[in-house]
Amino acid sequence: MALSWNEIKDRALRFTKEWEGETRERAEKDSFWNDFFNVFGISRRRLATFEEPVKKLNNQQGFIDLFWKGTLLVEHKSKGKNLDAAFEQATDYFHGIKEHELPKYVLVSDFEYFKLYDLDEKKDYDFHLSEFHKNIKLFGFIAGYQKRSFKEEDEVNIAAAELMGKLYDQLKDSGYSGHSLEVYLVRLLFCLFADDTGIFEKDTFKELIEIKSGEDGSNLGGLLAQFFQVLNTPRDKRMSSLDEHLAAFPYVNGKLFEEFLPIPAFNFRMREILLLCSALNWGKISPAIFGSMFQSVMDPVERRNLGAHYTSEKNILKLIRPLILDELREEFEKLKGNKNKLREFHQRLGKLKFLDPACGCGNFLIITYRELRLLELDVLKEIYGAQQAIGIQEIMSIDVDQFYGIEYDEFPARIAEVALWLMDHQMNLRISEEFGQYYARLPLNKSAKIVHGNALRINWEDVVPKEELSYILGNPPFVGSKYQTYEQRKDLAFVFSEVKNTGVLDYVSAWYFLATSFIQDSKVKCAFVSTNSITQGEQVGILWDEILKRNVEIFFAHQTFHWNNEARGNAAVYCVIIGFGVGNYSKKKLFQYDDIKGDPHLLYVRNINPYLVDGPSLVIKSRSTPICNVPEIGIGNKPIDGGFYLYTQDKLDAFVSKYPKSKEFFRPWFGATEFLYNEKRWVLWLGNMSPRELKKHPEILEIVEEVRKFRLKSTSKPTQKLATIPTRFHVENFPDKEYLLIPKVTSERRTYSPIGFMSPENVSSDLVFISSDSEIFHFGILSSMMHMIWLRYTCGRLEGRLRYSKGIVYNNFPWPKNPSEKNKKLVEEKSQKVLDTRAKYPESCLADLYDPLVMPPDLVKAHQELDKAVDLCYRPQAFNSEMARIEYLFELYEEYLAPLMGKKKK
């Protein structure tokens, strides 16, 4: 058991007094370092050797003054000698040291001064012998204490996961696999961590492997099997003849080592990898980050992007702070100074319960647990002050059994349980530091309840009773409707059995729906991370309509941001975070991002609707006709021709040069790409040709035959039927006058989505919307910032790009209410100016003209003038922000919708 910091400090003071004034390196240095280790209650003989022989860089024989393999190298000099030179001498020894034995720290001293080099952190510290007691915590690695800074991403996590991946491969290749291998690796994870953090006496697990197993590894499997059995046996139940080294290990319990596992056959390489693992500083590893990375060792493909899929602590805190911590911290600040109230508050903290119904390796639970324990520590400091003689175990209230999870795969579920224990121990060390006495929660009598199962099929009440639960949180799977497996589609159908049109929903929507149903008649608060698609397009009308019916309110939300981490193989998606519960919430927090890759700013708002806007709680459903009295739009032409009627410029030139008379049957073809990038494509249109005329062109008849064959081979019956009229398109839309064209998809980077007028000889594809009745006033409104903001908030997304729709975006757009003729004319004038400015750049395509990096200043100005004109059609006051625009549009939409809903009810 590690000494308390108070006792270590007392020993440090006695050490200083005994050794002040000593100068004789050769005569006394060994005694000096024996006494130094004794300060920490550690026997130097067990850990470190004097005069360790080693080959230096120049291949000459050297001797290390004191060497603790894998941890500490000491170079000692006579009083007054140069300590920087001593450090250089120490690093010369590295050449002859095995990789897994390289030290993490170098310490040089001349009796009077110490200089400690932390090689991992690349920091050094120097102090006088008289200041040893003040700097004692720099040597926490000797005592079994590890200071943890909770870095967001740390290379040691990746190095550890890579090594464990190699060990996994070796074991699996040897025939050791499946459930046994998974449990075995989780056990090793616990032991490696325990070896560096005071659960075990420092490096005893490493020594067990190094000393008790042969270099060829042949007896290592049996040794570890016995070792696991020892960890699962109380000390008073162990055999008296047990090996002394094994007998020194504590009783762990927690059922971690309970199951009997087959004994793997280790070899030299496996043993070497395990020794390299034990040489890492596992005290620096974050259980939250490492859990997900540890899971990735099971998949060699995933392992190539180690760190790509775990969730950074920064992003986890974006959820748990507004859901849990902010409120608790505020209450704590109010209660400071009132010890009785603080004690009541502390007891309530110990009764909170948390459920992550898609917990993976437990990242969200682990960080929540850590932050709750840090809050508890602040509460205890406030209650007990500087009191040192306190039984730590008697004053702590929070434990891992307050945490629950559901996980589809068994391996991450087991990792989550162990990772919570590891975080628990890190926090016990933290409280040990604060109150001056060492505390380790052994044996492990309590554990988190992580259920291995399908969260969409099991009853959450069987995991944790609703009346006991406080919070539901997590990061459920992001799987779009088009990418779901057959089983996932069945899961969604099961969850939404009584809801229509759910085939377009993302997989994550099932967790929102189940959580909403679960928390009815309770005070449970929820928050999930999800892709922003569930707050856009047609999903909103389906999912959130059902949620809002159940008296649910959103009380905090992060608008769209880039969900990523700093690790290699960085994986990022566009995400939102939504906190919700049943009832009325007066104080609502909306986090907005001016830069989706940056930090948010916080707004306190009246209401947060499903589009994550301060506006009325409504959903926009697909409509067949516009909500306002404006021209309708429809898709362009849809040939379903197998590509036989479509021609690039080169293909057309080659065909026409061979068959000159065919030129009259080709017309310019415009989809979104052709419109935006000036790409030349042509379509063969034969719909108006008589049979007699067609017979004159056998080369064209061959093409018609290919189209007919293509349609007949289709598995779609409507397409097969279309084969009877192979010269016609599935959808035909040929305006006989100038028409307006709107691309279906546009880049999210553009400030404005470019649209334009087309002459009737141009044929538009089904990748655009067209309207033959729209005039320049309509062009102006649809080209304005008002419409662009509406598009951004209501449209669906295609890989981040904005996807325009007729039923959701256009037909629900709130056009200005009765604008004056003066304002309408101004819009028309400014619209024409936009078109005229575009025409000044005939060599530039629309995609370039509307690229925000190179958009011409005069075109920017023309659009800004148009925006002002359009704004006047809505109201006299200027809109000073994007949020002001969308809030106004939602209110106007609600006004337009009210009479329509009234008619529907009648």
Side-chain angles (χ1 to χ4, degrees), residues 318-335 345 348-349 351-355 357 460-461 464-474 499 509 511-530 534-535 540-559 576-592 600-621 793 883-884 886-895 897-898 901 905:
K318 285 180 179 179
L319 183 149
I320 64 175
R321 278 177 177 154
L323 176 65
I324 304 163
L325 300 175
D326 290 348
E327 186 177 21
L328 292 176
R329 282 282 175 186
E330 286 173 15
E331 186 174 358
F332 167 61
E333 292 298 324
K334 291 177 183 177
L335 297 178
F345 175 66
R348 277 194 284 119
L349 292 181
K351 294 177 182 177
L352 297 175
K353 292 195 175 182
F354 307 81
L355 169 66
W460 295 5
E461 282 260 21
V464 53
K466 179 167 65 175
E467 62 271 14
E468 296 179 13
L469 189 61
S470 311
Y471 300 96
I472 297 173
L473 70 162
V499 182
S509 62
W511 275 264
Y512 278 88
F513 186 76
L514 285 177
T516 297
S517 302
F518 183 83
I519 65 176
Q520 295 299 303
D521 304 314
S522 79
K523 294 182 180 180
V524 177
K525 294 180 180 179
C526 309
F528 290 133
V529 180
S530 55
I534 69 159
T535 64
V540 179
I542 299 166
L543 173 63
W544 287 97
D545 189 42
E546 293 297 324
I547 291 176
L548 294 177
K549 285 177 185 176
R550 289 161 172 78
N551 195 31
V552 163
E553 285 192 1
I554 299 172
F555 60 87
F556 86 88
H558 281 262
Q559 292 180 338
V576 294
I577 300 174
I578 304 174
F580 56 98
V582 174
N584 298 312
Y585 294 86
S586 57
K587 195 176 183 182
K588 297 177 181 178
K589 297 179 179 179
L590 185 60
F591 296 87
Q592 294 183 330
H601 58 269
L602 171 62
L603 292 177
Y604 289 96
V605 296
R606 297 166 298 169
N607 191 56
I608 303 174
N609 70 18
Y611 300 90
L612 307 190
V613 170
D614 180 9
S617 291
L618 49 79
V619 296
I620 298 171
K621 296 184 179 181
Y793 277 88
M883 190 52 56
I886 193 62
E887 288 172 8
Y888 180 90
L889 287 172
F890 272 118
E891 289 173 1
L892 186 58
Y893 175 76
E894 186 179 37
E895 183 181 335
L897 192 65
M901 296 299 290
K905 288 177 183 177

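What's counted below: heavy atoms across the whole structure, side chains too, no hydrogens, waters or symmetry copies.
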Colleague: Which residue pairs pass the side-chain hydrogen bond (donor to acceptor under 3.5 Å, both in side chains) test when at least one of the two sits in residues 543-557, sequence neighbours left out?
Modeller: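 For residues 543-557: D545-K621, E546-K549, E546-R550, E553-K588.
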
Colleague: With rounding to the nearest 0.5 angstrom, report the CG to CZ distance, L473 to F528.
Modeller: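 Taking CG in L473 and CZ in F528, the distance rounds to 8.0 Å.
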
Colleague: Which residue in the set K351, K523, K353 passes salt bridge (Lys or Arg N to Asp or Glu O under 4.0 Å) when paired with E468?
Modeller: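 Option passing the salt bridge (Lys or Arg N to Asp or Glu O under 4.0 Å) with E468: K353.
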
Colleague: Which heavy atom in Q559 sits nearest to a heavy atom in V576, and how many Å separate them?
Modeller: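 Reported closest heavy-atom pair: C-CG1, 4.0 Å.
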
Colleague: Just wondering, are more than 12 heavy atoms of other shown residues or ligands nearer than 6.0 Å to NZ in K466?
Modeller: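 Above 12, so yes.
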
Colleague: Nearest 0.5 Å please: distance from the CD1 atom of I554 over to the CD1 atom of I547.
Modeller: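 It comes to 8.0 Å.
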
Colleague: Would you please indicate if the ring centroids of Y585 and F556 are separated by under 6.0 Å?
Modeller: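 Centroid separation for Y585 and F556: 6.0 Å or greater.
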
Colleague: Do you know the tightest heavy-atom contact between K589 and D326?
Modeller: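 That closest heavy-atom pairing would be NZ-OD2, 3.3 Å.
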
Colleague: Quick check: closest heavy atoms across N607 and S617, and the distance to 0.1 Å?
Modeller: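 Closest pair (atom of N607, atom of S617, distance): ND2-OG, 2.9 Å.
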
Colleague: Does atom CD of E327 have more than 12 heavy-atom neighbours, drawn from other residues, nucleotides or ligands, at distances under 6.0 Å?
Modeller: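 Counting other residues, nucleotides and ligands, CD of E327 stays at 12 neighbours or fewer.
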
Colleague: To the nearest 0.5 angstrom, please state how far the CD1 atom of I324 sits from the CG atom of L352.
Modeller: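 I324 CD1 to L352 CG: 8.5 Å, rounded to 0.5 Å.
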
Colleague: Can you find a pair of side-chain heavy atoms, one from P357 and one from L514, that are under 4.5 Å apart?
Modeller: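 Of all side-chain heavy-atom pairs linking L514 with P357, none is under 4.5 Å.
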
Colleague: Measuring from L469:CG to S522:OG, what's the distance to the nearest 0.5 Å?
Modeller: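 Reported to 0.5 Å precision, the distance equals 7.5 Å.
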
Colleague: Considering all heavy atoms of both residues, which atom of L618 and which atom of N609 are nearest to each other, and what is their separation?
Modeller: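 For L618 versus N609, the nearest heavy atoms are N-CB, 4.4 Å.
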
Colleague: Roughly how far, to the nearest 0.5 Å, is the CD1 atom of I472 from the CH2 atom of W511?
Modeller: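 Nearest 0.5 Å value for the CH2-CD1 distance: 13.0 Å.
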
Colleague: Could you go through F345 and L328, starting from their C-alpha distance and side-chain angles, then the distance that decides it, and tell me whether this counts as side-chain contact (heavy atoms from CB on, under 4.5 Å)?
Modeller: CA-CA 9 Å; F345 175 66; L328 292 176; 4.1 Å; yes

Colleague: Would V524 and L355 satisfy side-chain contact (heavy atoms from CB on, under 4.5 Å), going step by step from the backbone distance to the final call?
Modeller: CA-CA 10 Å; V524 177; L355 169 66; over 6 Å; no

Colleague: Where is the tightest heavy-atom contact between L323 and A527, given as atom of each residue plus distance?
Modeller: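 That closest heavy-atom pairing would be CD2-CB, 3.8 Å.
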
Colleague: Hey, are the side chains of Y512 and S530 touching, using non-hydrogen atoms and a 4.5 Å cut-off?
Modeller: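 The answer is yes, as the side chains (C-beta and beyond) meet within the 4.5 Å cut-off.
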
Colleague: Can you name the nearest heavy-atom pair linking V619 to P610, along with the distance?
Modeller: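 Scanning both residues completely, I find the closest heavy atoms to be CG1-CG, 4.1 Å.
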
Colleague: How are the rings of H558 and F591 set relative to one another: parallel (under 30°), tilted (30 to 60°) or perpendicular (over 60°)?
Modeller: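 Aromatic pair H558/F591 classed parallel.
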
Colleague: Hey, mind stepping through F890 and Y611 against ring pair (Phe, Tyr, Trp, His ring centres under 6.0 Å) and telling me if it holds?
Modeller: CA-CA 10 Å; F890 272 118; Y611 300 90; 5.2 Å; yes

Colleague: Determine, step by step, whether L603 and D614 satisfy the side-chain contact (heavy atoms from CB on, under 4.5 Å) criterion, reporting the C-alpha distance in whole Å, the side-chain angles of both residues, the deciding distance to 0.1 Å, and the verdict.
Modeller: CA-CA 10 Å; L603 292 177; D614 180 9; over 6 Å; no

Colleague: Check whether NZ of the Lys or CZ of the Arg K525 lies under 6.0 Å from the centre of the six-membered ring of F555 and within 45 degrees of that ring's axis.
Modeller: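 So K525 does make the cation-pi contact.
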
Colleague: When rounded to the nearest 0.5 angstrom, what is the spacing between CG in L349 and OG in S470?
Modeller: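 The distance works out to 10.0 Å.
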
